[in-house]
Amino acid sequence: MIKAIVNVGMGEIQVTNSAGTSLVAPGLGSCIGLTIYDPMAKVGGMVHVVLPDSTNVTKEITLLGKYADKAVPEILAKLYKLGAKKQNMVLKMAGGSQMFNLEKGSNILNVGMRNTIAVKAALSKEGLTVKAADTGGNKGRTLKLDVATGIVSVRIIGQLEQEI
């Protein structure tokens, strides 16, 4: 039974071992919602990635979940502190939509696709891969992780919620 719903806003990272908690990233457009769950330790986390990479950022980064290259190592560190083990982790993600009509062949502004690629690359660097994903298209989504069960579901605007 869900007792607490924790919204994971843009650039935020949330981790918990509270079985009564559901982590939710509402309104994912071009952003990526990444869930990581360890079914043995019953530890889960979610990050709401906004942009692919922080290399050209000149000011101090206060929201480590904002950029894929910073978000992945940070959420992993937080999960490890709660007892999660890399070999048990189940990773799922959603979002990465193309929310604006662009000229054909123009991918520079396709932030959704770039975010999807960047998150997968950051995970690959850590030796991890995504088990299931619901990315792309041009509609917004809401991503939810039930920490008690590890069930991850996605609801695309105008459609029913589905488990991924």
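When reading the values below, keep in mind they use all heavy atoms of this one structure, side chains included, and skip hydrogens, waters and symmetry mates. Owing to the predicted nature of the structure, the values given are computational and were not obtained by experimental measurement.
Counting only distance, with no hydrogens or angles, the side chain of Asn7 and the backbone of Gly9 share no donor-acceptor pair below 3.5 Å. A donor-acceptor pair under 3.5 Å is formed between the side chain of Asp38 and the backbone N or O of Lys85. In this structure a side-chain-to-backbone donor-acceptor pair under 3.5 Å is present from Thr35 to Lys92. Using modelled atom types, one side-chain atom of Ser97 and one backbone atom of Gly136 make a donor-acceptor pair closer than 3.5 Å.
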Using residues 116-134 as the side-chain source, report each donor-acceptor pair under 3.5 Å to any protein atom, sequence neighbours left out, with the distance given to one decimal.
from, atom 1, to, atom 2, distance (Å)
Thr116, OG1, Gly112, O, 2.9
Asp134, OD1, Arg141, NE, 3.2
Asp134, OD1, Arg141, NH2, 3.0

Pair up each side-chain donor or acceptor in residues 39-54 with any protein partner under 3.5 Å, not counting sequence neighbours, and list the distances.
from, atom 1, to, atom 2, distance (Å)
His48, ND1, Val8, O, 3.0
Asp53, OD1, Thr55, N, 2.6
Asp53, OD1, Thr55, OG1, 2.5
Asp53, OD2, Thr55, OG1, 3.4
Ser54, OG, Asp69, OD1, 3.3
Ser54, OG, Asp69, OD2, 2.8

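Put simply, Val15 and Leu63 are part of two different groups of oily side chains (I, L, V, M, F, W, Y) that touch within less than 4.5 Å, one to the next. Residues Val90 and Leu76 fall into different hydrophobic clusters, defined by Ile, Leu, Val, Met, Phe, Trp and Tyr side chains chained together at heavy-atom separations under 4.5 Å. Linking ILVMFWY residues whenever their side-chain heavy atoms come closer than 4.5 Å, directly or via other members, places Leu143 and Val6 in the same cluster.
Here Lys78 pairs with Glu74 under the salt bridge (charged side-chain N to carboxylate O under 4.0 Å, His left out) rule; sequence neighbours left out.
Between the CG atom in Asn88 and the CG atom in Leu79 there is a gap of 12.0 Å [rounded to 0.5 Å]. Distance check, rounded to the nearest 0.5 Å: OG of Ser30 to CZ of Arg114 gives 10.0 Å. Atom-to-atom distance recorded for Lys3:NZ and Ser22:OG is 13.0 Å, nearest 0.5 angstrom. Between the CD1 atom in Ile36 and the CG atom in Leu91 there is a gap of 4.5 Å [rounded to 0.5 Å].
When each of Val154, Ile164, Thr135 is tested with Met93 by the rule side-chain contact (heavy atoms from CB on, under 4.5 Å), just one qualifies, namely Thr135.
Judged purely by distance below 3.5 Å, without hydrogens or angles, the side chains of Glu163 and Ser153 never pair a donor atom with an acceptor atom.
Within a 6.0 Å radius of CD in Glu161, more than 12 heavy atoms belonging to other residues, nucleotides or ligands are found.
Classification of Lys66 and Glu12 as a salt-bridged pair fails, no side-chain N sitting under 4.0 Å from a carboxylate O.
The closest side-chain heavy-atom distance from Val24 to Thr142 is below 4.5 Å. Looking only at side-chain heavy atoms (C-beta outward), Val152 and Tyr37 stay at 4.5 Å or farther from each other.
Between Ile156 and Lys139, the closest heavy-atom pair is CG2-CB, 3.7 Å.
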